[in-house]
Each structure stands twice: as structure tokens, then as C-alpha cells.
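Residues take their numbers from the sequence shown, with the count starting at 1. FYI, side chains are in, hydrogens and waters are out, and symmetry mates aren't considered; it's all heavy atoms of this structure. Not measured: the values here are computed from a predicted model.
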Amino acid sequence: MSKSSISTLERDAVDRVMKAEFLGMGPETQLFEQELSDYFGRHVSVVNTGTSAIQLCLQALGIGQGDEVIVPSITYLASFQAVSATGAVPVSADIDLSTGNLDLKSAISKISKETKAVIWVHYAGDPAGFNELEQEFRKHEIPVVEDAAHAFGSSIRGRIVGNLGSYACFSFDGIKNITSGEGGAVVTDNLMVKAYVDDARLLGVSGDSKNRFNKKRTWAPEVTIQGWRYHMNDVSAAIGRVQFKRRHDFFEKRKSLASLYDVNLMGITGLSTFNRNYTDIVPHIYPIRVHHEQRDALKSFLEIKGVQTGIHYFPCHLLKKYKAQYSLVNAEKIYLELLTLPLHFDLSTDDVKLVSMLIGEFFIQSKKQ
Ligand SMILES: *Cc1c(COP(=O)(O)O)cnc(C)c1O
């Protein structure tokens with residue numbers, strides 16, 4: 001369903017770090033951060049995971065115990081855990097069935113005196129609806145933090161994700177649009193947030209990021225905040241820098257495979273595809289919707305034929321830890337219908353045609369029965 005795509009370029013880059021015999025946060029990390037900063041035209045702090053990027057970004061905004069953060073229920077568990085890691089409570093909101101993104105009305109209805117932020121997830125890489133939601137929450141003076149883990153490379157109306165709002169958090173884990181093995185980044189136009197994350201990723205030691213990039217250590221530290229060991233390391237950064245250089249190839253391949261799925265699945269009754277514009281969107285995953293009574297049967301059918309699929313995602317408001325006292329109709333409905341088809345750089349157009357053909361076959365068979 002998904003995998004990393006690693007060439008000799010990444011292997012050579014890792015070998016370069018091995019030969020330098022400095023594996024911590026050093027020159028490769030500094031360069032990766034600089035290259036991303038040039039790309040976004042923003043401040044960038046790279047960290048060890050996308051989850052910690054979200055946690056540190058929220059903490060930089062002063063969010064913690066006693067606060068609430070609104071989160072769409074249909075997301076990777078990481079969005080919720082990053083919120084609860086700060087001590088704040090994630091408050092589940094519903095999604096828009098046409099995009100899978102946070103529903104504006106539902107999000108507004110969850111605002112309370114304690115609401116300190118909203119997490120927006122660009123589901124499958126699609127930023128549709130983000131600008132409208134951000135504008136609305138600006139009126140309430142509530143910041144919107146983007147979980148942009150799916151959306152590296154996506155754009156809307158000529159602006160790339162990372163440049164839409166004030167706080168975008170990316171993930172570079174093994175299967176994302178680009179990877180550094182594990183990794184993440186906070187992209188922001190807010191210099192205070194950048195400075196906070198730079199310290200918090202290194203145990204809260206004031207100015208330690210700068211010192212380390214100048215090959216110095218901080219022997220007389222000043223610490224005023226709770227910090228973590230969330231920095232990126234040079235092995236990861238070296239992989240990330242190569243992947244970043246290869247991004248155009250990754251983006252084009254993902255876009256063309258998703259478009260090909262769209263075309264090949266169009267005629268099949270029994271399923272629906274999301275209506276996305278793959279000129280602008282770099283898809284991280286390719287979910288379809290199947291009638292809930294047939295979803296699991298289709299999943300098993302494909303499994304038997306050697307095609308791995310996924311379900312993105314189980315609604316987080318149904319988990320014991322995050323259990324909501326209310327229902328979210330769209331999240332609960334779409335969860336039973338979602339099926340994620342294989343999508344990654346090393347997939348061929350023939351693979352996509354084969355998967356599409358198998359799906360067509362399934363629906364012809366099930367109609368006969
Ligand atoms: C991958 C992902 C994350 C977390 O990123 P990690 O780097 O794996 O910690 C957060 N949110 C979403 C939606 C993701 O897909």
C-alpha cells in the first residue's frame with residue numbers, strides 16, 4: 001500500500017554522514033532546515049517526528065493543562081496524542097464528507113471558553129476549505145495549527161501548504177510524500193514560535209540550536225521551559241535533503257497515479273472517488289468510498305489477490321481515551337466506507353490498472369450473487 005523509495009543518492013548521503021562520524025544534530029540538519037526555509041520563505045524548525053512538531057508548535061503557542069484544542073475525528077492518532085501530550089484536551093469535531101477535511105460548522109460548534117487552538121488536517125493532501133476555516137477562526141482569535149503531514153507539495157490557488165496559514169507541521173516519516181526516515185518540521189511566520197521550538201527540541205536549553213550549528217555546546221545552560229529530546233539527527237537530515245531534491249519526481253508520480261485511479265474507477269458502480277484536483281494536490285493516500293456493506297468484503301477480496309489496502313482512519317472520538325459524549329455523524333459514516341488503495345512512488349501505471357480492474361471484477365461478481 002505504501003513504502004519508502006530509496007535510491008543510491010540517499011545511500012550515498014547516509015554514507016557521507018557515517019564517514020564524518022557525527023550522527024547528532026549538525027551540519028546536515030542545519031542545511032536541511034535552511035533548504036526548507038528557502039523553499040517556504042518561512043522560519044523552519046526540523047524535529048524528530050511530525051507528532052513532536054505538532055506538540056511543540058502547540059506548546060509554543062502557550063497551550064497546555066486546562067486548554068482545549070479542536071481536532072477533526074478522522075485523522076491519524078498522532079494529531080490527538082500531540083494535543084494530549086501538552087496537557088490540553090483534544091475536542092473532536094466532524095468532517096466534510098466531500099473532502100474528508102474538518103467541517104467548519106462542526107468546528108465552530110465546539111468552541112468554548114477553553115478553546116486555544118484548532119488542528120486542521122489536510123486529509124490525503126487536500127487543503128480545500130482551509131482558508132475559509134482559518135478566516136472564520138481569526139474572528140474568534142483562535143489560531144489554526146495545520147497538521148500538514150499528508151500535504152507536502154500540495155498547493156491551492158497558487159500557494160503551497162506551509163504558506164497558507166501561520167503554523168504548518170509536516171511529517172517526514174517513512175511513507176510520507178518525502179521522508180527523512182523519521183522526522184518532522186514546524187513551518188511558521190512567527191519568529192517567537194520558531195525560537196521556542198528551537199529551544200524545546202533540545203531540552204529547553206536557551207539558544208542551544210544556534211550553538212550546535214556553530215559546532216559549540218552550551219556548558220552553562222539557561223532553562224526556563226519544559227523541553228524534550230526532539231531534535232533531528234544528521235542521518236535523517238541527509239536522507240531528507242536528497243528526498244527534498246527529488247521532490248518533483250515524487251510529486252508528479254503521485255499526482256499521475258491518483259489521476260489514473262480516478263479515470264479507471266470512474267465507470268464502476270458501487271464506489272465513489274473523492275473529487276480532487278491533482279494539478280495542485282500531491283496525494284499522500286488514495287482513499288475511495290465503498291458502500292459500508294461491501295467495504296470489508298472488497299478489502300478481503302483484494303487481500304487475497306495480493307493487494308494491500310488500508311482504512312484511513314478509525315474515528316478518534318470513539319477511542320476510550322478520547323471518547324466524546326456526542327456523535328459525529330459524518331465521521332462515523334465515512335469510517336465504514338473508506339478504503340485506501342496502494343499509492344507510492346514505486347507503483348507503476350500497470351499496478352494501478354490491475355488494482356482498478358480487480359475492483360471492477362469484485363463489483364461484477366457481487367452483483368451476480
Ligand atoms: C504521519 C502523520 C502524523 C505524524 O507524523 P509522524 O512523523 O509519524 O510522527 C500526524 N498526522 C497525520 C495526519 C499523519 O499522517
Side-chain angles (χ1 to χ4, degrees), residues 54 68-83 89-112 115 117-137 140 142 144-151 154 156 161 258 261-262 265 269-277 281 283-299 309-341:
I54 300 169
E68 290 179 2
V69 177
I70 297 167
V71 191
S73 176
I74 297 291
T75 182
Y76 187 41
L77 181 55
S79 324
F80 275 69
Q81 288 278 14
V83 171
V89 175
V91 175
S92 298
D94 215 346
I95 53 124
D96 180 317
L97 286 174
S98 67
T99 61
N101 288 338
L102 185 57
D103 179 73
L104 177 60
K105 269 203 193 115
S106 175
I108 299 263
S109 77
K110 303 300 177 209
I111 296 176
S112 80
T115 307
V118 183
I119 303 251
W120 168 277
V121 181
H122 300 287
Y123 179 75
D126 188 353
F130 171 78
N131 292 319
E132 294 74 9
L133 181 127
E134 210 229 7
Q135 247 173 36
E136 195 58 36
F137 274 82
H140 297 270
I142 297 170
V144 183
V145 171
E146 293 158 69
D147 177 340
H150 289 192
S154 283
I156 186 164
V161 173
Y261 268 129
D262 275 358
L265 298 173
T269 42
L271 65 81
S272 64
T273 60
F274 286 89
N275 180 22
R276 305 198 201 280
N277 165 8
I281 294 165
H284 165 54
I285 49 174
Y286 188 86
I288 59 170
R289 287 174 64 185
V290 182
H291 191 278
H292 69 91
E293 278 173 9
Q294 289 185 300
R295 197 269 310 269
D296 291 345
L298 174 57
K299 192 170 195 313
T309 58
I311 298 167
H312 296 89
Y313 293 95
F314 186 86
C316 290
H317 75 283
L318 300 180
L319 297 166
K320 224 177 235 167
K321 181 168 169 60
Y322 302 118
K323 197 93 184 164
Q325 298 307 310
Y326 46 82
S327 63
L328 296 171
V329 180
N330 292 348
E332 286 160 34
K333 175 180 164 60
I334 206 169
Y335 162 66
L336 300 171
E337 302 175 353
L338 287 170
L339 191 69
T340 300
L341 305 183

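Put simply, CG on D103 and CG on D94 are 6.5 Å apart, with the number rounded to the nearest 0.5 Å. Taking OG1 of T115 as the reference point, atom NZ of K110 lies at 11.0 Å (rounded to 0.5 Å). To the nearest 0.5 Å, atom CG of residue L265 and atom OG1 of residue T273 are 7.0 Å apart. For the atom pair R276 CZ and T99 OG1, the distance stands at 7.0 Å (nearest 0.5 Å). Atom CD in E146 sits 11.0 Å away from atom CD1 in I54 (nearest 0.5 Å). One finds the CD1 atom of I74 at 9.0 Å from the CD atom of E332 (value rounded to the nearest 0.5 Å).
In this structure, L133 and W120 have side chains that are in contact, with non-hydrogen atoms separated by less than 4.5 Å. Between L319 and L77, some side-chain heavy-atom pair lies under the 4.5 Å cut-off.
Here the closest non-hydrogen pair linking G125 and S154 is O-OG, 2.7 Å. Taking every heavy atom of both residues into account, A124 and H150 meet most closely at N-ND1, 2.9 Å. The heavy-atom pair separating L102 from A93 by the smallest distance is CD1-CB, 3.6 Å. For P127 against I281, the heavy-atom pair with the smallest separation is CD-CG1, 4.1 Å. Heavy atoms only, all atoms of each residue included: S92 and S73 are closest at CB-CB, 4.4 Å. Heavy atoms only, all atoms of each residue included: F80 and P72 are closest at CE1-O, 3.4 Å.
Relative ring orientation between F137 and H140 is described as tilted, the plane-to-plane angle lying within the 30° to 60° band. Relative ring orientation between Y313 and Y123 is described as perpendicular, the plane-to-plane angle rising above 60° on a 0-90° scale split at 30° and 60°. Using cut-offs of 30° and 60° for the angle between ring planes, the Y261 and Y286 rings count as parallel. Classification of the Y335-F314 ring pair by plane angle, with boundaries at 30° and 60°, yields perpendicular.
The salt bridge (Lys or Arg N to Asp or Glu O under 4.0 Å) test applied to R295 returns no partner, not counting sequence neighbours.
N330 contributes no side-chain N or O that, together with a main-chain N or O of D96, makes up a donor-acceptor pair within less than 3.5 Å. When atom types are taken as modelled, the side chain of N101 and the backbone of F130 share no donor-acceptor pair closer than 3.5 angstrom. In terms of modelled atom types and a separation under 3.5 Å, the side chain of T309 and the main chain of L339 share no donor-acceptor contact.
Counting only N and O atoms by type, the side chains of E68 and S112 include a donor and acceptor under 3.5 Å apart. Side-chain N/O atoms of Q81 and Y76 include no donor and acceptor closer than 3.5 Å. Residues S79 and D147 bring a donor and an acceptor atom of their side chains to less than 3.5 Å of each other.
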*Run the side-chain contact (heavy atoms from CB on, under 4.5 Å) check on L338 and H312 step by step: do they pass?*
CA-CA 7 Å; L338 287 170; H312 296 89; 5.6 Å; no

*Please walk me through it: do I70 and I111 pass side-chain contact (heavy atoms from CB on, under 4.5 Å)?*
CA-CA 8 Å; I70 297 167; I111 296 176; 4.0 Å; yes

